[in-house]
Peer 1: 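Quick one: the structure is below, questions incoming.
This one's a predicted model, so the numbers in the text were calculated from it and none came from an experiment. Throughout, residue positions are numbered sequentially from 1 according to the sequence presented.
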Amino acid sequence: MMSEIDALKADLKKLSAQAIQAKMDLHDLSEELPVGWQTVTTVAARTQEAYARLHEARERLKAMENGV
C-alpha cells in the first residue's frame, strides 16, 4: 500500500506537469500578442493557481517528511 508521502509525491508530479503546462500556455499567449489579449488574465490566473497548488503540496510534503 502506498504511504501518504508516496501518494503526495505522485500528486506533486501531476501538479508539476499542470504548472509547467500552464506556464507554457502563458508563454505561448505572450508570443502571440496582441492576438488573444482578452485571455491574458484568465491564463495568468490559471498559471498562478497551478503554481500555488504546487507550492502548497511541496510545503505539505516538507512538513510530512520533517514529521510536523
Side-chain angles (χ1 to χ4, degrees):
M1 179 178 254
M2 219 167 33
S3 73
E4 285 185 55
I5 290 178
D6 291 335
L8 186 52
K9 285 181 180 180
D11 285 343
L12 269 169
K13 286 183 181 185
K14 292 176 190 173
L15 290 170
S16 181
Q18 291 170 356
I20 290 168
Q21 183 59 54
K23 176 179 73 169
M24 293 307 298
D25 292 346
L26 186 60
H27 176 266
D28 292 347
L29 177 60
S30 73
E31 288 189 342
E32 295 170 0
L33 288 172
V35 174
W37 67 268
Q38 303 93 331
T39 62
V40 169
T41 54
T42 302
V43 176
R46 188 172 62 237
T47 304
Q48 182 180 20
E49 291 167 7
Y51 275 94
R53 287 190 306 270
L54 180 60
H55 174 75
E56 290 169 7
R58 285 178 175 158
E59 291 298 312
R60 282 195 314 270
L61 178 61
K62 191 185 307 181
M64 289 174 105
E65 289 177 336
N66 292 330
V68 176

Peer 1: With rounding to the nearest 0.5 Å, note down the distance linking NZ in K14 to NZ in K9.
Peer 2: 15.5 Å
Peer 1: Taking a hydrophobic cluster as the set of Ile, Leu, Val, Met, Phe, Trp and Tyr residues connected by side-chain heavy atoms closer than 4.5 Å, whether directly or through intermediates, do L26 and M24 fall within one such cluster?
Peer 2: no
Peer 1: Under a 4.5 Å cut-off applied to non-hydrogen side-chain atoms, are R60 and E56 in contact?
Peer 2: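 Side chain of R60 against side chain of E56, heavy atoms only: contact under 4.5 Å found.
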Peer 1: For T42, is there any backbone N or O sitting under 3.5 Å from a side-chain donor or acceptor partner on T39?
Peer 2: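 Judged by distance alone, no pair lies under 3.5 Å.
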Peer 1: Looking at A22 and A50, what are the two nearest heavy atoms and their distance?
Peer 2: CB-CB, 4.3 Å
Peer 1: Rounded at 0.5 Å granularity, tell me how far CG in L29 sits from CD in Q38.
Peer 2: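 Interatomic distance, L29 CG to Q38 CD, rounded to 0.5 Å: 9.5 Å.
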Peer 1: Any salt bridge between K62 and E65, counting N to O under 4.0 Å?
Peer 2: no
Peer 1: Which distance, rounded to the nearest 0.5 Å, do you find between the CZ of R53 and the CG of L12?
Peer 2: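 Going from CZ on R53 over to CG on L12, the span is 12.5 Å.
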Peer 1: When D25 is tested against each of Q21, H27, K23 for side-chain hydrogen bond (donor to acceptor under 3.5 Å, both in side chains), which residue passes?
Peer 2: Q21
Peer 1: Consider only side-chain heavy atoms of I, L, V, M, F, W and Y, link residues closer than 4.5 Å, and tell whether L61 and Y51 are in one cluster.
Peer 2: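 Yes, L61 and Y51 fall within the same hydrophobic cluster.
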Peer 1: What pair of heavy atoms forms the shortest contact from L54 to S16, and how long is it?
Peer 2: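 The pair with the smallest heavy-atom distance is CD1-N, 3.8 Å.
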Peer 1: Membership question, hydrophobic clusters at under 4.5 Å side-chain separation (ILVMFWY): are L33 and V35 in the same one?
Peer 2: no
Peer 1: Could you grab the distance from atom CG of L15 to atom CG of L8, nearest 0.5 Å is fine?
Peer 2: 8.5 Å
